[in-house]
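Reading through the structure tokens given below for one structure.
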Amino acid sequence: MSALGDFRSRINEAITPCLKGYSQRIRNARLDEKLIRDPIFGFQKLRAYETLIIDTPLFQRLRGVSQTALTYLTYPSAIHTRFEHSLNCMNLASKVIRELEQSRNSISELEHAEVRLAALLHDIGHCIFSHGSEFFYRNFAEFRSVVSDDELRFASPSEAECVNYCILTCEAFHEMLWEPVHARCRAMYPYLDSVHLKRVAEMIIGKAPDDAPSRRFQGDIINGPMDVDKLDYLARDGYFTGVNLSVDVDRLLPSLRAVLVEDQERHRKEKRLVVDQRGIAVVEQLLFARMLLYDTVYHHHKVRAANAALQSLLQDHHARPVWPTRSKKLESVVDFLDIDEYDFFGNKYDDVAVASQVRNLRYRVLPGRALVLAPRALCDEDSHTAWSLNYSEFTNREDPVAQKKASQFFNDIREKIRGYATVVGAAGLSLTDIVIDIPDPPRIGKLGHETMVQIVPEYVVQLSDLFPFHKVVTNYSTQYKYRTYVFGPEQWTSEIAYAAFRAFSEAGIRPNNLALILAHQEDGRATELLNRSNFTIPDWREEFYVPDAKETQ
């Protein structure tokens, strides 16, 4: 059995309990089409068979999976979940289909149904805290061979998308859910006889259904540069965090087209989802909205502190037999599929350390900022070069050698921090208390790199040829906003600030006083300890170095 086949088999075993006995409910259910009111996009109409899928415990689990992980600890109204996000993605998929039909694209009832199902189920495999747990389990060995399997060829699925794909193509989903739904609803919807879950799953990972060039644009609707996932989450994250974003989705939809475009890798023409010139401004809105959310929400220091606390908890205790899963551990994706966030916070933990860290997360007892490294918080070019080298290796998720090297570097730094901090009074400080949080840099992804614009019929170019947005991202990352945090327990942040300032300086990365100012440590005990140790604290107004944007390209 292939690695993907083995992974699918374990996913099949994991979801079976969620589906067991549900076929009886399907047989007794009323076949009503329903309306759901969404606060952002208005009414959504659900078909009877879609309602039956939504009502299964497997899908209802998404009510307990936060869309933006622990962001609600900083933005109290950001309590939206993968559940309502998935419903509206299906709604938006239908809107895109209807607009494409207006521009003389022939899309059958069957194709429309499969696109809607792909949009509805595109997040069915997300685990607790969404990307907050994905960042942890992406390092599981089970994924290393799965993503390179021939069945996933010409796709670059994320770890969560691999899980989604395996759920839809496994035996339990087909036999215990889809077949009973199909049998119950086929009289109302005759096209269900021809729906194929493999095609639905392929769209979720961005492939053309059945690898048909004429249907590639349908994969783009679900997983592409301007997919419905982005259209929803950018608007939804902005709405529920209170960040005012200008994303005119209603203006974008009429500008979408499905046109033949040459695929250079596969040497064939495929029908792709593109935007005509009238929609360029809205695509730019989407790009700037994403950057604004990074700046205001995703990279907010308390959001990063909560994420760091979650990562430390998972890293330190995932193998302990205390979790509310069938295995009692969190050592595979199967374990993560067993629980939602209600289980995570509601479980009574016998292990004192785990119980304490879970309680701290729940009640927002988060690590504090001790030091903040940013471009202007580094003294000179040598410091910036040394930092950039380690930073680029640490954020290279694809290269195990780079990850190991960077991890060793930061472990050495943390050892020094603990040693220096302990000497000046942080008794009891452990290595795991010290977190060096290096967020992934802002990414424009497919939206910035692969969005295609139709200038005139037969003439399609990439958006980056018209608007080099990657330069904006580069400037953001290297010259202004992007920061890296050293976190620690609130009672010892001053001692950790002093120790971190020394440790980085001795490693050839010399901070100036801005690194203390950004962490609100400039006038306290940290500065006193540095002065007492005859440690020079350069003034950022006199000693800093920021590379020219050309150096980073």
Side-chain angles (χ1 to χ4, degrees), residues 301 304-305 308 367-394 405-431 433-439 477-548 551-552:
H301 70 94
R304 296 306 309 175
R369 284 177 294 179
L371 200 72
V372 180
L373 295 178
R376 291 179 188 272
L378 300 179
C379 284
D380 48 42
E381 184 175 357
D382 288 342
S383 296
H384 189 279
T385 300
W387 174 247
S388 297
L389 175 63
N390 289 285
Y391 160 77
S392 62
E393 290 183 332
F394 191 80
K405 181 179 177 182
S407 179
Q408 183 60 54
F409 172 83
F410 288 108
N411 283 339
D412 291 344
I413 291 286
R414 289 163 68 223
E415 287 279 10
K416 284 189 175 182
I417 292 173
R418 181 177 62 170
Y420 289 138
T422 300
V423 168
V424 294
L429 180 68
S430 69
L431 201 61
D433 287 331
I434 305 162
V435 178
I436 301 175
D437 179 56
I438 306 180
S477 299
T478 61
Q479 295 193 37
Y480 180 43
K481 298 285 187 183
Y482 190 55
R483 298 173 180 178
T484 293
Y485 300 100
V486 179
F487 290 117
E490 284 281 4
Q491 69 269 32
W492 291 320
T493 52
S494 295
E495 289 80 3
I496 293 172
Y498 153 77
F501 202 99
R502 284 195 61 173
F504 278 107
S505 296
E506 291 169 5
I509 300 169
R510 296 178 58 238
N512 55 40
N513 65 337
L514 186 60
L516 296 169
I517 293 171
L518 293 173
H520 301 293
Q521 299 286 344
E522 69 276 20
D523 295 323
R525 179 166 163 75
T527 301
E528 178 187 332
L529 289 169
L530 286 167
N531 289 331
R532 191 186 303 168
S533 301
N534 295 319
F535 216 88
T536 302
I537 308 176
D539 190 303
W540 74 272
R541 289 163 294 191
E542 299 174 6
E543 294 188 53
F544 73 88
Y545 174 80
V546 177
D548 186 271
E551 296 177 36
T552 64

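Counting begins at 1 with the first residue of the sequence.
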Keeping Arg510 on the side-chain end and Leu378 on the backbone end, is there a donor-acceptor pair under 3.5 Å? no
List for me each residue that meets salt bridge (charged side-chain N to carboxylate O under 4.0 Å, His left out) alongside Arg502, sequence neighbours excluded, and say none if there are none. Glu506
Between CZ on residue Arg369 and CZ on residue Arg304, distance to nearest 0.5 Å: 13.5 Å
Gln491: side chain to side chain contact (heavy atoms under 4.5 Å, CB included) partners, not counting sequence neighbours: Pro489
Gln408 meets the side chain to side chain donor-acceptor pair (under 3.5 Å) criterion, sequence neighbours left out, with Asp412
Run the side chain to side chain donor-acceptor pair (under 3.5 Å) test against Asp539 and tell me which residues pass, sequence neighbours left out. Arg541
Just verifying a value: how many Å separate Phe544 CZ and Cys379 SG, rounded to the nearest 0.5 Å? 11.0 Å
Can any side-chain N or O of Asn512 pair as donor or acceptor with the backbone N or O of Pro538 at less than 3.5 Å? no
Sorted by chain and residue number, the side chain to side chain contact (heavy atoms under 4.5 Å, CB included) partners of Asp382 (sequence neighbours excluded) come out as Asp380
Any pair with a residue in residues 513-527 that passes salt bridge (Lys or Arg N to Asp or Glu O under 4.0 Å), sequence neighbours left out, goes on the list, sorted by first then second residue, please. Glu495-Arg525
Between Asp437 (side chain) and Ala308 (backbone), is there a donor-acceptor pair under 3.5 Å? no
Straight-line distance of Ile436 CD1 to Thr484 OG1, nearest 0.5 Å: 9.5 Å
Supply the atom-to-atom distance Leu530 CG to Asn513 CG, rounded to the nearest 0.5 angstrom. 11.0 Å
For Glu415 and Arg418, what are the C-alpha separation, side-chain angles and deciding distance, and is it a side chain to side chain contact (heavy atoms under 4.5 Å, CB included)? CA-CA 5 Å; Glu415 287 279 10; Arg418 181 177 62 170; 3.0 Å; yes
Describe, in one word, how the ring planes of Tyr485 and Phe487 are oriented to each other, choosing from parallel (under 30°), tilted (30 to 60°) and perpendicular (over 60°). parallel
So, using side chain to side chain donor-acceptor pair (under 3.5 Å) as the criterion, who are the partners of Thr385 when residues are at least two apart? none
Using the side chain to side chain contact (heavy atoms under 4.5 Å, CB included) criterion, which residues pair with Ala497? Sequence neighbours excluded. Ala370, Leu516, Gln521, Ala526
Return the minimal non-hydrogen interatomic distance between Trp492 and Gly425, and the atom names on each side. NE1-O, 4.0 Å
Pairwise distance NE2(His520) to NE2(His301) - rounded to 0.5 angstrom: 6.0 Å
Side chain to side chain contact (heavy atoms under 4.5 Å, CB included) assessment of Ile496 paired with Leu371: CA-CA 8 Å; Ile496 293 172; Leu371 200 72; over 6 Å; no
Between Tyr498 and Ser533, is the side-chain hydrogen bond (donor to acceptor under 3.5 Å, both in side chains) condition met? List the steps. CA-CA 10 Å; Tyr498 153 77; Ser533 301; 3.3 Å; yes
In terms of heavy-atom contacts, Ile413 and Ala503 come closest through CD1-O, 3.8 Å
Only counting residues at least two apart or in another chain, list the ones meeting side chain to side chain donor-acceptor pair (under 3.5 Å) with Glu528. Arg532
Leu431 and Arg414 have their tightest heavy-atom pair at O-NH2, 2.9 Å
Output all residues satisfying side chain to side chain contact (heavy atoms under 4.5 Å, CB included) with Pro511, sequence neighbours left out; order by chain, then residue number. Leu373, Phe501, Phe504, Ser505, Ala515
Is there a donor-acceptor pair closer than 3.5 Å between any side-chain N or O of Asp433 and the backbone N or O of Leu429? no
